[in-house]
Every structure is written in C-alpha cells, then in structure tokens.
Amino acid sequence: MPRSDASGTVTQVDSTGSLQLSAPDVNDGADLWRLAGAAQSLDVNSRYSYLLWCRDFAATSVVAKDGNVLAGFITGYRRPALPETLFIWQVAVSPTHRRQGLARRMLDHLVDRLTPHGVEHLEATVTPDNLPSTRLFTSFAEAREAELKRDELFSEEMLGDGHEPEIRFLIGPLSDRS
C-alpha cells in the first residue's frame, strides 16, 4: 500500500511485504556508491556523484530497503530534450537480494510513479554481455505490451578502453496503470 511522508515522497511496501520502495534521499548516496561497487558490473561513479544523484534526481530514481539496509536501487532521469522519456542510468541489486525479482519490482514502481506525470517511454543502454539487464528490459516491455526497439547508441570505438558497445533499449509508449 503506497503512503506519503511529510515531503510527499511515496513509499510502497513491495508485494513480499519485506522491502520498502521509495525515492532516495541524500543520506542514501553513500550506500548507492557502495552497492554500485559491490555489483561488479557497473561503471562506478564517484561517491560525490551518488550524493548529488540522490539530491537532484530522487524523483526519477528508486531505492529498495530491507529495514535500514539498501537492497537495491535504480537511478534515472528525464531526458532534457525529451522529458516524456525516462532514461535508466543504473540498476543494482545486492547479492543477498538477487534472483528474487527485485530489479523488476523497482522498475515497475518507478515507472508507475512517473507515467501519471507524463513519462511515455523508457530508455536504457545495455552492453551485449549483460544478460540480466537484457532480460529485465525485455520482460518489462512484454508485460507492459509496449514496443521494444534496440539499436547501438555508443560504439566500442566511441567508448574506448575495451568497453563493449552500449545497445539502446527504447520501450513505449507506456500506459498509466494507476
């Protein structure tokens, strides 16, 4: 059942009853940074950038907490030139909470929170070897009965240092399920 705190932040207890899904706040920044590093599959940004992210992009991000422990997060932002498009920057789930559908529950929560406010498309990039993210976005599109387009956004040459290409996943239009 969703509930709002004094700041208007919507918190929802997930379907398992054990995790709370909500927008992050600046106090979550260091935990996001630690979890990004522990994920071992993300490009880890500076601790400072996660603090700023939690301050400036909280409305387009979500954290999952098991009590006071960060179980996962998704960071995203609305594209400045296309504000109807939510770009998903990073998805991370702690090793103790993997293989339980948490990434999908966080993504559903975030999109359900934003579609009433004009988000019509979801965009993300995934490297070819990242099968969990490929499965996440593919199953999300299928469940939402939304079109999924894929193309290369950034090539290996553009990214350099042996980085695989980033394949863009564009999903939509998304409908408001509220």
Are L174 and V62 linked, directly or through intermediate hydrophobic residues, by side-chain heavy-atom contacts shorter than 4.5 Å (ILVMFWY only)? yes
Hydrophobic cluster membership, V126 vs L148, 4.5 Å side-chain cutoff: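 V126 and L148: one cluster.
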Under a 4.5 Å cut-off applied to non-hydrogen side-chain atoms, are [X] and [Y] in contact?
X: R144; Y: V111; result: yes
X: M158; Y: E152; result: no
X: H121; Y: L82; result: no
X: S22; Y: V63; result: yes
X: T134; Y: F169; result: yes

Taking all atoms of both residues into account, what is the closest heavy-atom pair of [X] and [Y], and its distance?
X: A146; Y: P173; value: CB-O, 3.7 Å
X: P165; Y: P128; value: O-CD, 3.2 Å
X: R104; Y: A143; value: NH2-CB, 2.9 Å
X: S94; Y: L35; value: CA-CD1, 3.5 Å
X: A64; Y: M106; value: CB-SD, 3.7 Å
X: A71; Y: L19; value: CB-CD2, 4.1 Å

Nearest 0.5 angstrom please: [X] [atom1] to [Y] [atom2], how far?
X: D151; Y: I167; atom1: CG; atom2: CD1; value: 8.0 Å
X: F137; Y: I171; atom1: CZ; atom2: CD1; value: 6.5 Å
X: L136; Y: N130; atom1: CG; atom2: CG; value: 9.5 Å
X: W89; Y: L42; atom1: CH2; atom2: CG; value: 11.0 Å
X: Q90; Y: T75; atom1: CD; atom2: OG1; value: 5.0 Å
X: R105; Y: Q100; atom1: CZ; atom2: CD; value: 7.0 Å

Report the C-alpha distance between T127 and H163 in whole Å, list the side-chain angles of each, state the deciding distance to 0.1 Å, and finish with yes or no for side-chain contact (heavy atoms from CB on, under 4.5 Å). CA-CA 9 Å; T127 56; H163 195 295; 3.8 Å; yes
Give the intermediate values and the outcome of side-chain contact (heavy atoms from CB on, under 4.5 Å) for residues D28 and F73. CA-CA 10 Å; D28 296 317; F73 72 84; over 6 Å; no
Worked check of side-chain contact (heavy atoms from CB on, under 4.5 Å) between L122 and F140: CA-CA 10 Å; L122 182 141; F140 175 82; 4.1 Å; yes
Side chain to side chain donor-acceptor pair (under 3.5 Å) for R150 and T138? Distances and angles first, verdict last. CA-CA 10 Å; R150 297 178 204 195; T138 301; 3.0 Å; yes
Any donor-acceptor pair under 3.5 Å linking the side chain of R168 with the backbone of E123?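 Answer holds: no.
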Check the orientation of Y77 and F87. Use parallel for under 30°, tilted for 30 to 60°, and perpendicular for over 60°. tilted
Qualifying residue, where the test is side-chain contact (heavy atoms from CB on, under 4.5 Å) with S49 and the options are N45, L51, L52: N45
If we check side-chain contact (heavy atoms from CB on, under 4.5 Å) with L107, which of these qualifies: V91, L86, L102, I88? I88
Walk me through whether E84 and R79 qualify under side-chain contact (heavy atoms from CB on, under 4.5 Å). CA-CA 8 Å; E84 68 279 2; R79 290 193 51 205; over 6 Å; no
